Undergrad: 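Handing you a structure now.
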Amino acid sequence: QVQLVESGGGLVQAGGSLGVSCTASGGSFSRYGMGWFRQAPGKEREIVAAIDWQRRTYYRDVVKGRFTISRDNAKNTVYLQMDNLKLEDSGVYYCAAHRTPWELVTPRTQITSFQYWGQGTQVTVSS
């Protein structure tokens, strides 16, 4: 089955930048839409960004203009570049894959569209 492994989390000051990566194995990566989610203490897991096989993208409103999702199919990797980080961006960041190949990212994309999940990587933004 598909396995996802995140890396690149860490501690960064507010206003700084950080990039996280997710590498997939065990599936046809290029066929699957991919997403980044985050979960802060005491809050629900929420979608941050998503990208499908056509490289159409979706971003949560509060990260638009600051975060960029991309993918390199040759490396089976999806990236999330985070710039101008804010304290409220802190949380565990999870990589996920759509449960169905060829599924497209739309403005209605929800957490229930994703079946395969990584273990998460911690991102902490300090003042």
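Residues take their numbers from the sequence shown, with the count starting at 1. This one's a predicted model, so the numbers in the text were calculated from it and none came from an experiment.
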Undergrad: Show the numbers, then the answer: is there a side chain to side chain contact (heavy atoms under 4.5 Å, CB included) between Y94 and Q39?
TA: CA-CA 8 Å; Y94 297 90; Q39 188 165 21; 4.3 Å; yes

Undergrad: So how far is it from Y32 OH to E103 CD, rounded to the nearest 0.5 Å?
TA: 10.5 Å

Undergrad: What verdict does the side-chain hydrogen bond (donor to acceptor under 3.5 Å, both in side chains) test give for S90 and T124, after you've listed the backbone C-alpha separation in whole Å, the side-chain angles of each residue and the deciding distance to 0.1 Å?
TA: CA-CA 5 Å; S90 295; T124 303; 5.3 Å; no

Undergrad: Compute whether any side-chain donor of one residue and acceptor of the other, for T77 and T23, lie under 3.5 angstrom apart.
TA: yes

Undergrad: Rounded to the nearest 0.5 Å, how far does CH2 of W36 lie from CD of E46?
TA: 14.5 Å

Undergrad: Starting at OG1 of T109, measure out to NE2 of H98 and round the result to the nearest 0.5 Å.
TA: 5.0 Å

Undergrad: Could you tell me the separation between the CG atom of L4 and the CG atom of N76, rounded to the nearest 0.5 Å?
TA: 10.0 Å

Undergrad: Would a distance-only check, ignoring hydrogens and angles, find a side-chain to backbone donor-acceptor pair under 3.5 Å from R71 to D52?
TA: yes

Undergrad: Only counting residues at least two apart or in another chain, list the ones meeting ring pair (Phe, Tyr, Trp, His ring centres under 6.0 Å) with F37.
TA: F114, W117

Undergrad: Checking D89 now: which residues fulfil salt bridge (charged side-chain N to carboxylate O under 4.0 Å, His left out) with it, not counting sequence neighbours?
TA: R38, R66

Undergrad: About how many Å separate OG1 of T112 and CD of Q110, when rounded to the nearest 0.5 Å?
TA: 4.5 Å

Undergrad: Grouping I, L, V, M, F, W and Y whenever their side-chain heavy atoms are under 4.5 Å apart, do M82 and V125 come out in a common cluster?
TA: yes

Undergrad: Does S17 form a side-chain hydrogen bond (donor to acceptor under 3.5 Å, both in side chains) with D83? I'd like the steps, not just the answer.
TA: CA-CA 4 Å; S17 297; D83 298 321; 2.8 Å; yes

Undergrad: Counting only heavy atoms from other residues, nucleotides and ligands, does the tally under 6.0 Å from CD of Q54 exceed 12?
TA: yes

Undergrad: Side chain to side chain contact (heavy atoms under 4.5 Å, CB included) between I69 and V78: does it pass, once the steps are laid out?
TA: CA-CA 7 Å; I69 189 170; V78 62; 3.9 Å; yes

Undergrad: Linking directly or through intermediates, with side-chain heavy atoms under 4.5 Å: list the remaining ILVMFWY members grouped with Y79, chain and number order.
TA: none

Undergrad: Between V20 and V123, does the side chain to side chain contact (heavy atoms under 4.5 Å, CB included) criterion hold? Intermediate values first, please.
TA: CA-CA 9 Å; V20 290; V123 174; 4.3 Å; yes

Undergrad: Is there a side-chain contact between R31 and W53, using heavy atoms and a 4.5 Å cut-off?
TA: no

Undergrad: Please check: side-chain N/O of Y93 versus main-chain N/O of V48, any donor-acceptor pairing under 3.5 Å?
TA: no

Undergrad: What's the separation between atom OG in S28 and atom CG in N73, rounded to the nearest 0.5 Å?
TA: 11.0 Å

Undergrad: Just by modelled atom types, is the Q119 backbone N or O under 3.5 Å from a matching donor or acceptor in the E6 side chain?
TA: yes

